[in-house]
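Quick notes on the structure that follows.
None of these values were measured; they are calculated from a predicted model. What's counted below: heavy atoms across the whole structure, side chains too, no hydrogens, waters or symmetry copies.
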Amino acid sequence: MLTEGNRERLIQAAIEAKEYAYSPYSKFRVGAAFLLADGTIVGGANVENASYGGTICAERTAIVKAVSEGKREFVALAVTSDVTSAISPCGFCRQVIREFCSLDMPILLVPAGYPQDAKDGGVLNETMGGLLPLSFGPDALELPRQPVSV
């Protein structure tokens with residue numbers, strides 16, 4: 001469950017993760033942090049590459065760090081950048097997040113300069129299902145199929 005204390009810890013972890021971004025090409029730093037069921041927070045930053053296809057976003061960095069250490073019970077995600085309005089994970093990241101996270105998992109989209117005077121610090125509160133409606137996920141692979149005629 002995302003308590004108020006955990007919410008603030010999660011947001012701060014995403015802001016701190018952004019400091020480690022390697023973005024010499026786009027100059028677009030992003031930080032992300034996942035709250036796990038055991039209370040652990042795993043952060044990640046975007047890591048660019050001169051071969052642009054080799055770039056990995058902050059959200060995927062964080063989720064791969066957690067999953068590669070056997071941690072797969074995600075409670076919430078926070079994402080931030082240097083942009084003064086909240087930004088959302090890209091489509092590729094949304095699909096990777098969908099692989100491991102429930103559709104009702106909270107996703108906090110945090111603007112640069114948090115906290116602001118705006119209500120709730122300007123944070124947009126979303127869910128995985130809200131960001132990726134009608135999504136294709138692991139459960140779709142278990143759906144019944146019509147027989148294939150050969």
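Crowding of Glu19 atom CD: a count of heavy atoms from other residues, nucleotides or ligands under 6.0 Å exceeding 12. Other residues, nucleotides and ligands contribute only 12 or fewer heavy atoms inside 6.0 Å of the CG atom of Leu134. Heavy atoms from other residues, nucleotides or ligands lying under 6.0 Å from CZ of Phe28 number more than 12.
Residues Val30 and Ile87 approach most closely at CG2-CD1, 4.2 Å, considering heavy atoms. Contact detail for Val42 and Ala62: the closest heavy-atom pair is CG1-O, 3.5 Å. Across all their heavy atoms, Thr61 and Ile56 have their closest contact at OG1-CG2, 3.6 Å. Closest heavy-atom contact between Ala112 and Ser81: CB-O, 3.4 Å. In terms of heavy-atom proximity, Cys57 sits nearest to Cys93 at CB-SG, 3.2 Å. When all heavy atoms of Gln95 and Leu132 are compared, the closest pair comes out as OE1-CD2, 3.9 Å.
Between Arg7 and Val123, some side-chain heavy-atom pair lies under the 4.5 Å cut-off. The shortest side-chain heavy-atom distance between Val75 and Pro106 does not fall under the 4.5 Å cut-off. A heavy-atom distance below 4.5 Å is not found between the side chains of Arg145 and Leu143. A heavy-atom distance below 4.5 Å is found between the side chains of Phe74 and Leu36. The shortest distance between side-chain heavy atoms of Tyr22 and Asn49 does not fall below 4.5 Å. Side-chain atoms of Pro24 and Glu48, non-hydrogen and from C-beta on, do get closer than 4.5 Å to each other. Side-chain contact between Met105 and Phe100: absent, with no pair of heavy atoms (C-beta onward) separated by less than 4.5 Å.
Val83 and Tyr20 are members of different hydrophobic clusters when ILVMFWY side chains are connected at heavy-atom separations under 4.5 Å.
With hydrogens and angles disregarded, a donor-acceptor distance shorter than 3.5 Å links the side chain of Thr80 to the backbone of Val110. A donor-acceptor pair is defined here as one N or O able to donate and one able to accept, closer than 3.5 Å; no such pair exists between the side chain of Ser23 and the backbone of Ser26. Listed for the Arg29 side chain is no donor-acceptor partner under 3.5 Å among the backbone atoms of Asp82.
A donor and an acceptor atom, one from each side chain of Glu8 and Gln12, are located under 3.5 Å apart. Side-chain polar atoms of Ser88 and Glu126 form no donor-acceptor pair below 3.5 angstrom.
Considering CG of Leu77 and CD1 of Ile97, their distance stands at 5.0 Å, rounded to 0.5 Å. Taking CD1 of Ile107 as the reference point, atom OG1 of Thr127 lies at 7.0 Å (rounded to 0.5 Å). Atoms CG and CG, from Leu108 and Leu35 in turn, are 9.5 Å apart once rounded to the nearest 0.5 Å. From Ile41, atom CD1 reaches atom CD1 of Ile11 across 10.0 Å, with rounding to the nearest 0.5 Å.
Applying the side-chain contact (heavy atoms from CB on, under 4.5 Å) test to Asp139 and every residue at least two apart in sequence or in another chain returns Arg98.
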Original post:
Do Glu59 and Val96 pass the side-chain contact (heavy atoms from CB on, under 4.5 Å) test, and can you show the C-alpha distance, the side-chain angles, and the key distance before you say yes or no?
Top reply: CA-CA 9 Å; Glu59 300 89 333; Val96 172; over 6 Å; no

**OP:** Could you walk me through whether Lys71 and Asp38 pass salt bridge (charged side-chain N to carboxylate O under 4.0 Å, His left out), step by step?
**Re:** CA-CA 9 Å; Lys71 299 174 182 182; Asp38 66 3; 5.0 Å; no

